Novice: 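Here you go, one structure.
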There are 2 protein chains.
Amino acid sequence: MPPRSESLTARQAEILDFIRQTVEAEGRPPTRLELCAAFGFRSPNAAESHLRALAAKGAILLEEGRARGIRLAEGPGLPLVGRVAAGSPILASEHVESRLQLDPTLFSPRADYLLRVRGMSMRDAGILDGDLIAVHRQSEVRNGQIVVARVHDDVTVKTFRRSGPVVELLPANPDFEPIVVDTRAEPLDIEGIMVGLIRQDGH
Amino acid sequence: MPPRSESLTARQAEILDFIRQTVEAEGRPPTRLELCAAFGFRSPNAAESHLRALAAKGAILLEEGRARGIRLAEGPGLPLVGRVAAGSPILASEHVESRLQLDPTLFSPRADYLLRVRGMSMRDAGILDGDLIAVHRQSEVRNGQIVVARVHDDVTVKTFRRSGPVVELLPANPDFEPIVVDTRAEPLDIEGIMVGLIRQDGH
DNA sequence: CGAGAGACTGTTTAAACTTACAGCACAACA
DNA sequence: TGTTGTGCTGTAAGTTTAAACAGTCTCTCG
């Protein structure tokens, strides 16, 4: 497995981000000189060595001797997460069913991944069984937002409501009961907020 | 308004298609020499003159003096249709609000365009006000499918049910009444079927 | 304190790339 | 019958890019 992007330095992450933006906006990666212009480098070698570092860490692929020979290692699509096993991080690669080619900035704030919804507990919010929820990773949420939460190693999608130390996770379907969590006694992890939805059939 | 892509020659359409595929697969446009290799040209000027022709017809934009300075004029995304004026075709360019960059094959059968839904008449089918419906153009439909129909110059999204010459367009919300159309007396155009849905916020 | 990693400056060279010029063959067309 | 548009070959600059080499400065870590 290639090294994770978490091991990138702050500067390297900036460079990688600029490359992503350029591909998005212009349909092609930047040259070394364009990187210099964007970051104020006076030497193309500053860009070159950053690219080498990113390639060594597996974030990009460099093609030798080609103009704009930078390829993003990670496909342009969003990871689609299916069932999440107990105790493991939601974006662990064994949970990623596939990648869907769509623009993360289709949603605002941007989507980090898609999560397949199981069951009808959010039916009245227009979220049906099998729908894909676009999720933005974020741990601080406001009341009324629809969140992806982990309670007792169970990942669930519900409306968030906090009253002091007690958090209620509300379904949008009278057939289901709210989940009540006392955060002084039980662990509650907020994985992110819902920023959109995709349904892949006509029902 | 730039000339339409319909005015491209067959060869020019092939070239344009190859450019699209290259951007898709490699994240950057091809060079003149790569076009030569792909089509068997022996002269880079063959590619050059095709590119000039495509640029003249508005299909691409050429940036002078830049390696891989080819930009696709039309984004690869799906057209998003907003409100549809009476009497004009649904994909008329004045209805296209924007283009969303997402893969048409995300849906099956493939989506031809996106239509913004107004109102809550399909609420219980999980289709809310402001949602974008992915539509596949198709005039023959089966009972139970959700269709985009045009009745009396009004474009609407409903569940389709036919009984002989009478078609019922059923809402999915008890607050709304079915639309009943006698096809012997009134015109009814089926614009397409719903093949998916996109919601761009977290509610 | 010394070593190494990260983040650069500055310079050079070869290869990749664009783009101009000068043609040829063929079909459509008026 | 000539003219125009399309689709090419072939060659040759001249510019853009990639990528090498040689350094500087500043952290952090053992």
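All values derive from a computational prediction rather than experimental measurement.
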Novice: What range of DNA chain D does chain A touch, first nucleotide to last, counting atoms under 4.0 Å from its heavy atoms?
Specialist: D:dT17 to D:dA22
Novice: Compare all side-chain heavy atoms of A:Arg199 with those of B:Arg199 and state whether any distance is below 4.5 angstrom.
Specialist: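 Yes, close enough: below the 4.5 Å cut-off.
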Novice: Could you tell me whether B:Glu168 and B:Lys158 have a side-chain N and a carboxylate O separated by less than 4.0 Å?
Specialist: no
Novice: Look up atom CD in A:Glu34 and atom CZ in A:Phe18, then write down how far apart they are to the nearest 0.5 Å.
Specialist: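 One finds 7.0 Å between CD of A:Glu34 and CZ of A:Phe18.
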Novice: What residues, two or more places apart in sequence or in another chain, satisfy side chain to side chain donor-acceptor pair (under 3.5 Å) together with B:Thr159?
Specialist: none
Novice: Any side-chain N or O of A:His50 below 4.0 angstrom from OP1/OP2 of C:dA7?
Specialist: yes
Novice: Please list all pairs passing the salt bridge (Lys or Arg N to Asp or Glu O under 4.0 Å) test where one or both residues lie in residues 39-50 of chain B, with sequence neighbours left out.
Specialist: B:Arg32-B:Glu48, B:Glu48-B:Arg52
Novice: Rounded to the nearest 0.5 Å, how far does CD1 of A:Ile60 lie from CG of A:Leu54?
Specialist: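 Output value for this atom pair is 5.0 Å.
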Novice: Using the test side chain to side chain donor-acceptor pair (under 3.5 Å), find all partners of A:Arg28 that sit at least two apart in sequence or belong to another chain.
Specialist: A:Glu26, B:Glu63
Novice: Once each nucleotide of nucleotides 16-28 of chain C is scored for protein heavy atoms under 4.0 Å, what B/S/- sequence comes out, 5' to 3'?
Specialist: SSSBSBB------
Novice: Run the side chain to side chain donor-acceptor pair (under 3.5 Å) test against A:Asp182 and tell me which residues pass, sequence neighbours left out.
Specialist: A:Arg184
